[in-house]
Undergrad: 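Please find one structure pasted underneath; my questions will follow.
Just so it is clear: chains get the letters A, B, ... in the order the sequence lines come, proteins before strands, and each one is counted from 1. No hydrogens, no waters, no symmetry mates; every other heavy atom, side chains included, goes into these values.
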Amino acid sequence: MENHSKVANVEVAAILYEVARLLEIKGVRFKPQAYRRAAQAIEALPESIVDVAQEERLNDIPGVGKAIAGHLREIIETGGLEYLASLRAELPDGVQHLTRIEGIGPKKAIALSRELGVRTIDDLEAAALAGRIRDLPGFGEKTEANILTSIRMSRTAEARHLLGKILPVAREIEQRLAALASVSRVSLAGSIRRRKETVGDVDILAASSSPEEVMEAFATLPGVERVLARGTTKTSVVLSTGTQIDLRVVEERHFGAALQYFTGSKEHNIAMRRLAIARNWRLNEYGLTDLETGRAVAGEDEAGVYRALDLAWIEPELREDRGEIEAARAGTLPDLVGYDTIRGDLHVHTTWSEGVHSIEEMAETARALGYEYIAICDHAESLHIARGLSPERLADQVREIERINAGSDGTFTLLSGTECNIGMDGTIDLPDSVLADLDVVVASVHSGFKQSEEEMTERVLTAMQNEHVDIIGHPTGRILLSREPYRIDLATVFEAAAALGVLMEINAVPGRLDLSDINARSARGAGVRFSVASDAHRRENLRFMEFGVATARRGWLSADDIANTRPLPELQKILRS
DNA sequence: GCCGTTTTCGGCCCGACTGTTTTCAGTCG
Ligand SMILES: Nc1nc2c(ncn2[C@H]2C[C@H](O)[C@@H](COP(=O)(O)OP(=O)(O)OP(=O)(O)O)O2)c(=O)[nH]1
Ligand SMILES: [Mg+2]
Ligand SMILES: [Mg+2]
Ligand SMILES: [Zn+2]
């Protein structure tokens with residue numbers, strides 16, 4: 001044990017998710033949901049599952065009982081799970097991967113495996129092309145053709161998309177639908193409304209008294225390549241870009257309940273519906289109904305659904321069944337940071353290093369956004385690929401910033417700064433004397449991601465020991481949909497950051513969002529404060545801030561937790577020397 | 001397998017769309 005690095009929460013969760021999938025394919029009832037619930041709770045846990053196990057608190061995790069706690073201890077001690085191995089051995093090889101194809105669930109997957117010996121997607125395609133699928137019971141010619149189409153789609157379309165990339169597309173479709181005469185209300189829903197970092201599709205809700213008209217207009221929107229399903233209340237299409245869009249249409253009087261349903265998450269919905277059941281009510285997308293009297297309790301407006309269940313309003317960003325319902329009942333939900341409370345941006349690049357716009361251009365856009373300050377944090381010298389600044393050039397830049405500030409009306413301030421590099425040994429690529437003269441020092445890891453967890457943790461701790469370092473930039477180095485975070489003991493880092501007064505960055509670049517929602521929540525629990533920053537390399541990208549704030553909100557943060565919601569004098573007190 | 005503002009046993013969210021079926025299972029949201 002001593003020599004192994006701790007198994008990560010996500011790795012433990014992945015094992016439980018696989019158990020859930022295999023149990024589902026076996027046809028076992030209820031257990032899959034039990035395993036899935038436990039996996040979700042562990043994935044969102046603000047501390048290491050290993051520590052929780054050590055302190056014998058496994059049963060405090062919602063969804064973890066005697067049996068799963070035993071499995072967890074086995075995973076932590078051995079890295080594997082015998083139960084999972086036996087499930088795998090029991091079922092045909094590869095069967096669980098078949099369900100990645102749209103239209104193939106656990107039942108069809110096991111049938112294809114057992115009857116035709118299909119092991120892979122390629123096998124499946126061959127079987128369909130050979131016409132061997134249509135004769136299986138429960139299958140037919142259409143199913144066979146649909147399988148072929150779904151396989152092709154799975155090869156070309158991405159499984160998930162960055163929120164920052166899809167949100168503009170979603171807003172445009174929302175506008176088009178809102179412009180229809182037959183539509184009285186529209187809202188984005190699903191994971192987009194919850195502002196999840198990646199989204200599987202675009203979910204949109206519309207209110208109308210003539211749904212057929214709406215569906216017809218929707219199915220023939222420009223860019224629609226395929227209609228997956230079309231009914232009077234629900235239609236799904238795929239754009240030529242591969243993006244799936246689901247539209248739900250309801251009557252105006254059901255809009256609130258429908259929005260509650262369609263916003264999700266699924267787990268949040270299930271938890272809400274359980275609350276309704278406990279009162280002998282039923283909650284669905286049409287409303288909250290008293291089963292005894294048959295009368296509608298709520299449904300016209302979304303907030304009414306929460307009120308009727310004695311819950312405080314829950315912002316969409318929190319609806320993941322991560323304790324928000326319990327907190328809403330107890331009245332202990334945080335006052336989430338607002339999208340309009342940001343006063344400045346503490347990580348901005350310019351033409352001095354790899355940026356596209358000048359200091360003045362960045363400042364002009366920042367002012368237009370209503371900011372009171374931004375910190376110019378170009379790279380330092382060791383980052384050659386980013387045209388990093390030498391100490392001399394940086395000194396020139398500081399003088400330039402002073403010059404611009406001197407000509408300003410005092411309502412806006414440029415802060416000098418750097419995004420310096422944390423070397424392999426934790427040293428910073430600028431001398432202390434230079435750092436001391438800067439207003440804001442962001443320090444980030446830009447290379448050497450393959451270090452051991454111990455080395456990386458020590459490396460960042462060493463950097464934080466430098467009294468000039470104000471902020472750790474993109475603290476885990478992850479790139480969404482492409483690069484895993486580097487291994488680092490975040491609990492130790494957060495503890496040190498809180499003690500030293502170093503801010504953790506929530507980098508708002510759509511492909512980063514680093515710290516993540518879950519990590520930010522964990523850091524807040526350790527007493528850490530944050531900088532939510534755009535890391536803009538061009539003026540338009542100052543608008544990335546929205547995604548950083550969304551991540552902060554999903555991490556349960558308040559304005560007080562975030563340094564750049566403070567006016568400049570207060571910010572200056574928060575920053576170190 | 002988990003869990004309890006009615007329960008320690010008996011439930012487990014609820015509905016739309018499709019294709020295969022002749023009354024509904026499977027899949028998905
Ligand atoms: N009650 C209930 N609601 C569901 C279920 N599945 C989906 N929903 C609701 C909540 C979801 O947020 C919403 C949209 O479904 P999606 O499959 O698109 O999920 P979502 O957008 O949350 O995540 P995504 O990023 O698309 O994977 O529909 C379910 O099984 N039960
Ligand atoms: Mg969705
Ligand atoms: Mg959807
Ligand atoms: Zn940067």
Undergrad: Look at all strands and tell whether Glu144(A) reaches a base, only sugar-phosphate, or nothing, counting heavy atoms closer than 4.0 Å.
TA: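 The answer is nothing, as Glu144(A) stays clear of every strand by at least 4.0 Å.
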
Undergrad: Starting at the 5' end of DNA chain B, which residue's closest nucleotide do you reach first, Ile104(A) or Arg279(A)?
TA: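 It is Arg279(A) whose nearest nucleotide is closer to the 5' end.
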
Undergrad: When you check the phosphate oxygens OP1 and OP2 of dG29(B), does a side-chain N or O of Gln244(A) lie under 4.0 Å from one of them?
TA: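 It does, given that an N or O in the side chain of Gln244(A) lies less than 4.0 Å from OP1 or OP2 of dG29(B).
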
Undergrad: Sticking with atom P, work out how far dT21(B) lies from dT27(B), rounded to a whole angstrom.
TA: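 Between the two P atoms, the distance is 15 Å.
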
Undergrad: Take atom C1' in dT7(B) and the same atom in dG11(B), then report the distance between them in whole Å.
TA: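 It works out to 10 Å between them.
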
Undergrad: Is the backbone N or O of Leu336(A) less than 3.5 Å from a side-chain atom of Ser558(A), with the two atoms forming a donor-acceptor pair by type?
TA: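 Flag not set: sc Ser558(A) to bb Leu336(A) has no pair under 3.5 Å.
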
Undergrad: Rounded to whole Å, please give me the gap between CG in Leu136(A) and P in dG19(B).
TA: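 Answer to the nearest Å: 17 Å.
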
Undergrad: Can you check whether Thr143(A) has a side-chain N or O nearer than 4.0 Å to OP1 or OP2 of dT20(B)?
TA: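 Yes, such a contact exists.
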
Undergrad: Grab the CG-C1' distance between Leu311(A) and dT5(B) for me, whole Å please.
TA: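 Whole-Å distance recorded here is 13 Å.
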
Undergrad: Nearest whole Å is fine: how far is dG4(B) C1' from Glu326(A) CD?
TA: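 Atom CD in Glu326(A) sits about 14 Å away from atom C1' in dG4(B).
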
Undergrad: With sequence neighbours excluded, tell me which residues meet ring pair (Phe, Tyr, Trp, His ring centres under 6.0 Å) with Tyr286(A).
TA: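 Tyr286(A) satisfies ring pair (Phe, Tyr, Trp, His ring centres under 6.0 Å) with His254(A) only.
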
Undergrad: Picking from Ile173(A), Val227(A), Thr220(A), Leu228(A), what satisfies side-chain contact (heavy atoms from CB on, under 4.5 Å) with Val237(A)?
TA: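 Running side-chain contact (heavy atoms from CB on, under 4.5 Å) over Ile173(A), Val227(A), Thr220(A), Leu228(A) with Val237(A) returns exactly one hit, Val227(A).
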
Undergrad: Using distance alone, with no hydrogens and no angle criterion, decide if Glu144(A) and Asn146(A) have a side-chain donor and acceptor under 3.5 Å apart.
TA: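 On atom types as modelled, these side chains do not qualify, holding no pair under 3.5 Å.
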
Undergrad: Any side-chain to backbone donor/acceptor pair from Asn519(A) onto Leu515(A)? Under 3.5 Å, distance only.
TA: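 No.
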
Undergrad: Could you state the atom-to-atom distance from CD1 of Ile147(A) to C1' of dT20(B) in whole Å?
TA: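 Between C1' of dT20(B) and CD1 of Ile147(A): 13 Å.
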
Undergrad: Take Lys31(A) and Lys108(A), find for each the nucleotide of DNA chain B with the closest heavy atom, and name the residue whose nucleotide sits nearer the 5' end.
TA: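 Comparing both residues, the 5'-ward one is Lys31(A).
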
Undergrad: Could you check dT7(B) for me: syn (within 90° of 0) or anti?
TA: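 Judged by the O4'-C1' to base torsion, dT7(B) sits in syn, the angle falling within 90° of 0.
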
Undergrad: With the side chain of Glu102(A) defined as its heavy atoms from C-beta on, choose the nearest nucleotide among dT27(B), dC2(B), dC28(B).
TA: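 Nearest to the side chain of Glu102(A) among the choices is dC28(B).
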
Undergrad: Can you check the distance between dG19(B) and dC12(B), where both ends of the measurement are the C1' atom (answer in whole Å)?
TA: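 My reading of the C1' atoms in dG19(B) and dC12(B) gives 29 Å.
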
Undergrad: Using a 4.0 Å heavy-atom cut-off to protein, can you give one letter per nucleotide of nucleotides 12-18 of chain B, 5' to 3': B if the base is in contact, S if only the sugar-phosphate is, - if neither?
TA: BBBSSSS

Undergrad: Distance-only, no hydrogens or angles: does the Thr332(A) side chain make a donor-acceptor pair with backbone N or O of Ala328(A) under 3.5 Å?
TA: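 Side chain of Thr332(A) to backbone of Ala328(A): no pair is present.
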
Undergrad: Using the C1' atom as the point on both nucleotides, what is the distance between dT5(B) and dG1(B), in whole Å?
TA: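 Approximately 24 Å lies between the C1' atom of dG1(B) and that of dT5(B).
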
Undergrad: In whole Å, I'd like the distance from the CZ atom of Arg21(A) to the P atom of dC28(B).
TA: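 Arg21(A) atom CZ is separated from dC28(B) atom P by 14 Å.
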
Undergrad: Quickly work out the Asp246(A) CG to dT27(B) C1' distance and round it to whole Å.
TA: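 Value for this atom pair: 13 Å.
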
Undergrad: Expressed in whole Å, how much space separates the P atoms belonging to dC2(B) and dC17(B)?
TA: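 After rounding to an integer number of Å, I get 36 Å for this pair.
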
Undergrad: Should dT8(B) form a Watson-Crick or G-U wobble pair with both distances under 3.5 Å, which nucleotide is its partner?
TA: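 Base partner found: none.
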
Undergrad: With heavy atoms under 4.0 Å as the rule, sort Asp203(A) into base, sugar-phosphate or nothing.
TA: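 Asp203(A): backbone/sugar contact only, no base atoms under 4.0 Å.
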
Undergrad: Once you apply a heavy-atom cut-off of 4.0 Å, does Pro106(A) come out as touching a base, just sugar-phosphate, or nothing?
TA: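 Sugar-phosphate contact only - Pro106(A) comes under 4.0 Å of backbone atoms but never of a base.
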
Undergrad: Just the rounded figure in Å: distance from C1' of dC3(B) to CZ of Arg36(A).
TA: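 My rounded result for the distance is 19 Å.
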
Undergrad: For Lys107(A), answer base if it contacts any base atom (sugar-phosphate contacts may also be present), sugar-phosphate if it contacts only those atoms, and nothing otherwise; contact means non-hydrogen atoms under 4.0 Å.
TA: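 Sugar-phosphate: the residue Lys107(A), judged by heavy atoms under 4.0 Å, touches backbone atoms but no base.
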
Undergrad: If you measure from the C1' atom in dA25(B) to the same atom in dT20(B), how many Å do you get, rounded?
TA: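 My reading of the C1' atoms in dA25(B) and dT20(B) gives 9 Å.
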
Undergrad: Can you tell me if Ser265(A) uses its side chain to pair, donor with acceptor, with the backbone of Arg319(A) under 3.5 Å?
TA: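 Yes.
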
Undergrad: Roughly how many Å apart are dC13(B) and dC28(B), using the C1' atom of each and rounding to a whole number?
TA: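 Pairwise C1' distance, dC28(B) against dC13(B), rounds to 14 Å.
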
Undergrad: Suppose you measure atom P in dT8(B) against the same atom in dC3(B); what distance do you get, rounded to whole Å?
TA: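 Between the two P atoms, the distance is 16 Å.
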
Undergrad: With a 4.0 Å cut-off on heavy atoms, is Pro62(A) in touch with a base, just the backbone sugar-phosphate, or nothing at all?
TA: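 Sugar-phosphate, backbone atoms only, no base.
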
Undergrad: Tell me whether Arg274(A) forms a cation-pi arrangement with Trp281(A), defined as NZ or CZ under 6.0 Å from the six-membered ring centre and within 45 degrees of its axis.
TA: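 The answer is no; the distance or angle limit is not met.
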
Undergrad: Could you tell me how far apart Leu58(A) (CG) and dG1(B) (P) are, to the nearest whole angstrom?
TA: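 It is 16 Å, rounded to the nearest whole Å.
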
Undergrad: Using only atom types and a distance under 3.5 Å, with no angle test, would you say the side chain of Thr235(A) pairs donor to acceptor with the backbone of Arg230(A)?
TA: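 No.
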
